[in-house]
Amino acid sequence: MAYALVIHGGAGANPAKDYTAQRPHLATLIRRGAVMLASGASALDTVCAVVMEMEASGLYVAGKGSAPNQSGDVELDASLMVGDGQRAGAVACLSGVVHPIAAARAVMEDGKHVMLAGRGADAFVRQHGLETVDEPAVYYRDYENHLPPDGAKNSNGHGTVGAVALDEGGGLAAATSTGGIFNKRAGRVGDTPLIGSGTWADERVAVSATGTGEHFMRTAATHSVAARMAYGGVSLDAACRAVLGEIGDLGGDGGLIAVDRDGNIAMPFNSHGMKRAAVATNRSPIVRIFEPE
Ligand code: ASP
């Protein structure tokens, strides 16, 4: 069987900014993920491992790199989904956790609910012994490197992370994690933790989104990719591009990464750039930001 892996570090890439730290980081992660998949790791373990590394790096607007909201608090969203049995887990408005994606996975594995938010999610994280942040004001400092060049904290800049994978057993999984958009209101939840908007996986396809979340919610973006393939019989690439077209028509921008059960991959975007990398059984790793595929 074949494997495939696509990862993204957000579609909020700004041509005026320097991404010399992110390019080698993406290259390292995509190689590491390929080694995992080639050694028989599951799609779920692989997407979680990659996203956890991105969350801890501070190089993206997720996990450590997340920016405070208008009230000065960092609120984190994440979700993941496994194609087999369409199992899913999500957390929203989480605070002080090092790996929101691990929290989403714990929610999925707990099995009682799909999504936990706010104080209940925080309590769940602590009950499950997940790693927490001792001093948020010290830990969440890296976002300053991700602000737009004019330094405008009121910009709607963004930079979610995500990963989608097909493993050698035919398993599909998708994971997405974010600190949201800059200058968001307290309590704002975007598309990232919403199954069917920011993340989707079923027996056919796995998809992770990044962009102006409100538009991805209004189009049920990641599920729409799956639905177009299932009901319209279109290719993975055509389905992703059609959804991005719909988002563009509504005034939104961003990108999608996706892999299907045949090992096809897609990573289109309609913003200036999307930090991304891909690898597959017969395809050497590539890293791109502004360049087309
Ligand atoms: N979609 C994310 C959100 O709206 C932001 C991003 O993708 O960068 O929270």
Side-chain angles (χ1 to χ4, degrees), residues 9-10 12 21 25 29 44 47-81 88-147 153-163 175-195 197-199 208 210 213:
H25 191 245
L29 291 184
L44 173 63
V47 296
C48 285
V50 169
V51 168
M52 286 172 72
E53 296 249 9
M54 295 175 100
E55 289 174 336
S57 70
L59 292 174
Y60 315 91
V61 190
K64 190 173 192 300
S66 299
N69 61 23
Q70 289 181 357
S71 301
D73 299 315
V74 173
E75 292 183 332
L76 307 160
D77 301 333
S79 67
L80 58 79
M81 190 165 188
V91 287
C93 281
L94 197 61
S95 57
V97 60
V98 174
H99 293 299
I101 202 68
R105 182 169 182 168
V107 172
M108 181 181 79
E109 288 175 345
D110 180 65
K112 185 171 170 60
H113 304 299
V114 167
M115 176 184 270
L116 293 176
R119 278 181 296 146
D122 289 338
F124 180 88
V125 160
R126 281 150 187 83
Q127 278 159 16
H128 282 72
L130 300 176
E131 195 178 352
T132 54
V133 174
D134 291 335
E135 290 186 77
V138 177
Y139 188 74
Y140 298 112
R141 297 299 313 175
D142 293 335
Y143 76 92
E144 289 172 359
N145 301 325
H146 310 313
L147 289 169
K153 288 191 184 177
N154 59 359
S155 150
N156 279 338
H158 50 88
T160 296
V161 305
T176 318
S177 177
T178 193
I181 54 175
F182 291 122
N183 196 40
K184 66 182 182 181
R185 292 185 202 275
R188 180 265 187 187
V189 175
D191 61 316
T192 300
L194 299 186
I195 298 301
S197 291
T199 302
S208 168
T210 168

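Just so it is clear, the structure is predicted and the values come from calculations on it, not from any experiment. Both backbone and side-chain heavy atoms feed into the values below; hydrogens, waters and symmetry mates do not.
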- Message: Could you walk me through whether Asp122 and Leu94 satisfy the side chain to side chain contact (heavy atoms under 4.5 Å, CB included) test, starting with their C-alpha distance in whole Å, then the side-chain angles of each, then the deciding distance to 0.1 Å, before giving a yes or no?
- Response: CA-CA 6 Å; Asp122 289 338; Leu94 197 61; 3.3 Å; yes
- Message: Between Leu80 and Cys48, is the side chain to side chain contact (heavy atoms under 4.5 Å, CB included) condition met? List the steps.
- Response: CA-CA 8 Å; Leu80 58 79; Cys48 285; 3.7 Å; yes
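Under the 3.5 Å distance criterion, the side-chain polar atoms of Lys184 are left unmatched by any main-chain donor or acceptor of Ala67. A donor-acceptor pair under 3.5 Å links the side-chain atoms of His128 to the main chain of Phe124, judged by distance alone. Looking only at distances, no side-chain donor or acceptor of Glu53 sits under 3.5 Å from a matching main-chain atom of Leu29. Looking only at distances, a side-chain donor or acceptor of Glu75 sits under 3.5 Å from a matching main-chain atom of Gly187.
Applying the side-chain hydrogen bond (donor to acceptor under 3.5 Å, both in side chains) rule to Thr199 yields the partners Ser79, Thr176; only residues at least two apart in sequence or on another chain are considered. The side-chain hydrogen bond (donor to acceptor under 3.5 Å, both in side chains) search around Glu131 returns none, not counting sequence neighbours.
Closest heavy-atom contact between Ser66 and Gly179: OG-CA, 3.3 Å. Contact between Ala90 and Pro193 at its shortest, heavy atoms only, is CB-O, 3.2 Å. For the pair Thr178 and Val61, the tightest heavy-atom approach, listed with the atom from each and the gap, is OG1-O, 3.6 Å. The shortest non-hydrogen separation linking Asp191 to Gly213 is OD1-CA, 3.1 Å. The minimum heavy-atom distance linking Val51 with Ser177 is given by the pair CG1-CB, 3.8 Å. Pairing each heavy atom of Met81 with each of Ala88, the nearest pair is CG-CB, 4.0 Å.
Taken from NE2 in His146 to CG in Leu59, the straight-line distance is 6.5 Å, to the nearest 0.5 Å.
Contact check for Thr132 versus Arg126: side-chain heavy atoms found under the 4.5 Å cut-off. Gln70 is listed as a side-chain neighbour of Asn183, based on a closest heavy-atom distance under 4.5 Å. Residues Met115 and Leu194 meet the side-chain proximity criterion, which asks for heavy atoms closer than 4.5 Å. Contact check for Ile101 versus Glu55: side-chain heavy atoms found under the 4.5 Å cut-off. When side chains are defined from C-beta on, Leu44 counts as touching Met108, because their heavy atoms get closer than 4.5 Å. With a 4.5 Å cut-off on side-chain heavy atoms, Tyr143 and Pro68 count as touching.
Defined by atom type and a distance below 3.5 Å, a donor-acceptor pair is missing between the side-chain atoms of Thr210 and Thr160.
Counting non-hydrogen atoms of neighbouring residues, nucleotides and ligands closer than 6.0 angstrom, the CZ atom of Arg119 reaches no more than 12 such neighbours.
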